[in-house]
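Everything numeric in this text was worked out from a predicted model, so none of it was measured.
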Amino acid sequence: MKLKLQKISSSSGILSLFTTLSALWLLANFNGFSVILCICCGFLWFNYFSTKQKIGNLDIERWANRTRSFTNEDVIIHHRLCCSSGNMNINILSQIKVAGLLTYNLLDQPVHLQKSQPIILQAKTTFSTRGKKVLTDLVVVYEHPLGFFKHWAHYSAEQQILVLPKIMYLESFPSRLRELLPGIRSDFKLLEDTTQIKGVREYSNEPLNKIHWKISAKLGELYVKELDFTAVSNTIIYLDLNLSKDIFAKNVWAQIRKNYEEEAVLATSSIIYWLTQQGNFIDIVVVAREVLRRNYGSTSDWVNAVELLAMAEGDENGPQLADELAKDLYVLNPSNTLVIISMYLTDSLLPLLINARAKVSRVIVLLIPYGFRDPRYKPTRTYEMYPLDMQRLNERARLLEKEQIIIRIVKPSQTLQEVFDEIQGF
């Protein structure tokens with residue numbers, strides 16, 4: 001992308017002072033030295049205007065090696081500069097705007113330009129946070145070697161780089177498979193392909209005819225067959241990034257919410273990626289400062305769903321999950337698995353969950369108030385305390401697990417996969 005000149009600003013205070021003193025000396029004492037000094041001032045002013053014209057006529061292009069990036073992934077920004085009117089020494093400042101307001105320098109480098117010989121500068125950067133990053137101004141600075149004057153030429157052309165949340169590896173997710181399409185797993189026995197054994201796993205209350213007796217005898221423990229299936233899931237995910245109006249200590253939870261937001265986005269993006277890689281259908285509604293949603297429909301594209309997550313920002317006074325879910329009950333159908341990811345829910349939501357369960361095959365609620373454990377690290381002892389109303393929701397929901405309303409409070413010592421494996425048995 002070619003950058004356009006926006007403005008040129010200059011500082012000539014020392015040169016103006018030097019010119020004034022030289023003119024006064026010439027008027028007060030006309031001699032060879034005063035004339036030579038005035039001639040020098042003339043050359044300096046000629047240099048002032050010629051360099052100002054040069055940096056205003058530079059040919060500057062900028063491009064990035066990718067416009068989509070994951071967090072902490074290298075992005076290389078290229079700048080091509082060419083001066084067609086002569087040689088000059090300049091300094092280049094290239095800026096990136098993040099979080100809408102904060103700006104930092106991507107490039108701060110001295111450059112020697114030769115007439116009509118383009119040079120290409122590279123700058124490597126990474127972004128530790130998701131969201132939209134904007135390549136904004138490029139400032140060309142020229143300073144006289146003796147400090148008499150200085151020019152700043154502002155070139156601009158906004159380019160966006162969308163930083164997506166990173167994807168965490170998952171082995172499985174407990175969505176119910178109801179769509180009769182080619183897939184890999186189903187909880188309907190009629191959809192199992194008994195001629196195709198995908199693998200084995202430890203026995204856990206399965207029928208005896210699923211036990212792999214040879215492997216069990218060899219290993220000394222009961223193992224069951226993992227079969228291929230002919231169905232896929234249709235999962236609708238509600239991600240709640242806002243502070244619940246039912247929270248009592250809002251100031252405390254407002255601070256917790258900032259960390260929860262990143263953890264919840266990571267969890268959701270990983271779930272979406274795993275489901276779509278298995279050929280399943282997903283849809284997502286993000287309850288944030290603005291409610292972001294894709295149109296309901298069967299799709300297995302994960303990119304635009306994760307792009308939606310990259311742009312989401314929660315709020316302490318934003319829309320409420322219960323209100324958005326209540327408005328969408330009419331679009332749910334028996335082939336759906338409804339997944340709700342939130343920081344804080346109370347038992348007042350149970351009637352809504354029951355109404356939703358009457359329309360879908362399974363309801364899964366994941367509460368992540370204090371985050372979850374990275375699977376690369378070993379579990380540690382934690383002492384977090386959970387609000388009483390959240391605990392009451394968890395206890396009452398235990399009675400509804402057989403009706404496929406499954407609520408789990410994810411502990412900081414647990415990985416997401418451990419929680420999913422626990423739900424998988426239902």
Query raised in the report: Between Tyr48 and His151, does the ring centroid distance fall short of 6.0 Å?
Result: yes

Report task. Decide side chain to side chain donor-acceptor pair (under 3.5 Å) for Asn251 and Gln255; before the verdict, give the C-alpha distance in whole Å, the side-chain angles of both, and the deciding distance to 0.1 Å. Result -> CA-CA 7 Å; Asn251 292 335; Gln255 298 301 317; over 6 Å; no

Requested in this report: Identify the heavy atoms of Tyr386 and Val410 that sit nearest to each other, and give their distance.
Outcome: OH-O, 4.0 Å

Query raised in the report: Residues in side chain to side chain contact (heavy atoms under 4.5 Å, CB included) with Arg357, at least two apart?
Result: Val363, Gln404, Ile405

Query raised in the report: Is a donor on one side and an acceptor on the other found under 3.5 Å between the side chain of Thr415 and the backbone of Glu418?
Result: yes

Query raised in the report: So, the side chain of Asp137 versus the backbone of Val139: is there a donor-acceptor pair under 3.5 Å, distance only?
Result: no

**Report entry** salt bridge (Lys or Arg N to Asp or Glu O under 4.0 Å) contacts in which one or both residues fall within residues 251-264, not counting sequence neighbours
**Finding:** Arg130-Glu261, Arg130-Glu262, Arg257-Glu261, Arg257-Glu316

**Report entry** Side-chain donor or acceptor of Gln160 paired with backbone N/O of Thr67 under 3.5 Å
**Finding:** no

Report summary line: Heavy-atom nearest pair, Thr71 first then Thr129, reads CG2-C, 3.8 Å

Requested in this report: Can you measure from CG (Leu81) to CD1 (Ile55) and round to the nearest 0.5 angstrom?
Outcome: 12.0 Å

Report task. Any chance you could measure Leu93, atom CG, to Asp108, atom CG, to the nearest 0.5 Å? Result -> 4.5 Å

Query - Glu290 CD: over 12 foreign heavy atoms closer than 6.0 Å - result: no

Report task. Name all pairs fulfilling the salt bridge (Lys or Arg N to Asp or Glu O under 4.0 Å) condition that reach into residues 56-70, sequence neighbours left out, sorted by first residue then second. Result -> Lys2-Asp59, Asp59-Arg80, Arg66-Glu73, Arg68-Glu307

Query raised in the report: Say you draw a straight line from CG of Asn280 to CD1 of Ile272; how long is it, rounded to the nearest 0.5 Å?
Result: 12.5 Å

Requested in this report: Return yes if some donor-acceptor pair links the side-chain N/O of Glu403 with the main-chain N/O of Leu400 below 3.5 Å, else return no.
Outcome: no

Query - Contact check, side chains of Lys133 and Ser69, non-hydrogen atoms, under 4.5 Å - result: no

Report summary line: The reported gap from OG1 in Thr268 to CG in Leu309 (rounded to nearest 0.5 angstrom) is 6.0 Å

**Report entry** Donor-acceptor pair, side chain of Arg373 and main chain of Tyr377, under 3.5 angstrom
**Finding:** yes

Please output the side-chain donor-acceptor pairs of residues 24-40 that fall under 3.5 Å, not counting sequence neighbours, one pair per line with the distance.
from: Asn31; atom 1: OD1; to: Phe33; atom 2: N; distance (Å): 3.1
from: Asn31; atom 1: OD1; to: Ser34; atom 2: N; distance (Å): 2.9
from: Asn31; atom 1: OD1; to: Ser34; atom 2: OG; distance (Å): 3.2
from: Ser34; atom 1: OG; to: Asn29; atom 2: O; distance (Å): 3.1
from: Ser34; atom 1: OG; to: Asn31; atom 2: N; distance (Å): 3.0
from: Ser34; atom 1: OG; to: Asn31; atom 2: O; distance (Å): 2.9

**Report entry** Euclidean distance, Ile90 CD1 relative to Asn87 CG, rounded to 0.5 Å
**Finding:** 11.5 Å

Requested in this report: Kindly write out the residues that satisfy side chain to side chain contact (heavy atoms under 4.5 Å, CB included) with Pro319, not counting sequence neighbours, or none if the list is empty.
Outcome: Asn242, Val287, Val291, Glu324

Query raised in the report: With sequence neighbours excluded, what pairs up with Tyr344 under the ring-ring contact (aromatic ring centres under 6.0 Å, His included) test?
Result: Trp253

**Report entry** Contact summary for Ile341 and Tyr260, nearest pair of heavy atoms
**Finding:** O-OH, 3.5 Å

Query raised in the report: Taking the side chain as C-beta and beyond, is there a heavy-atom pair between Ile77 and Ser94 under 4.5 Å?
Result: no

Requested in this report: Return the set of residues passing ring-ring contact (aromatic ring centres under 6.0 Å, His included) with Tyr273 (not counting sequence neighbours), or none when no residue passes.
Outcome: Trp302

Query raised in the report: At their closest point, which heavy atom of Asn89 faces which heavy atom of Tyr142, and how far apart are they?
Result: O-CD1, 3.1 Å

Query raised in the report: Listed by chain and number, what are the side chain to side chain contact (heavy atoms under 4.5 Å, CB included) partners of Asp74, not counting sequence neighbours?
Result: Lys124, Thr126

**Report entry** Spatial distance of atom CD1 (Ile237) from atom CD1 (Ile340) [nearest 0.5 Å]
**Finding:** 11.5 Å

Requested in this report: Considering only NZ, NE, NH1 and NH2 on the basic side and carboxylate oxygens on the acidic side, decide whether Glu401 and Arg398 come within less than 4.0 Å.
Outcome: yes

Query - His79: ring-ring contact (aromatic ring centres under 6.0 Å, His included) partners, not counting sequence neighbours - result: none

Requested in this report: Flag yes if more than 12 heavy atoms outside Lys54 fall under 6.0 Å of its NZ atom; otherwise flag no.
Outcome: yes

Query - Qualifying residues under side chain to side chain contact (heavy atoms under 4.5 Å, CB included), relative to Asp246, sequence neighbours excluded - result: Ser244, Thr346, Ser348

**Report entry** Main-chain N/O of Ile76 paired with Asn65 side-chain donor or acceptor, under 3.5 Å
**Finding:** yes

Query - salt bridge (Lys or Arg N to Asp or Glu O under 4.0 Å) pairs, two or more places apart, involving residues 156-173 - result: none

**Report entry** Counterpart residues, ring-ring contact (aromatic ring centres under 6.0 Å, His included), relative to Phe173 (two or more places apart)
**Finding:** Phe420

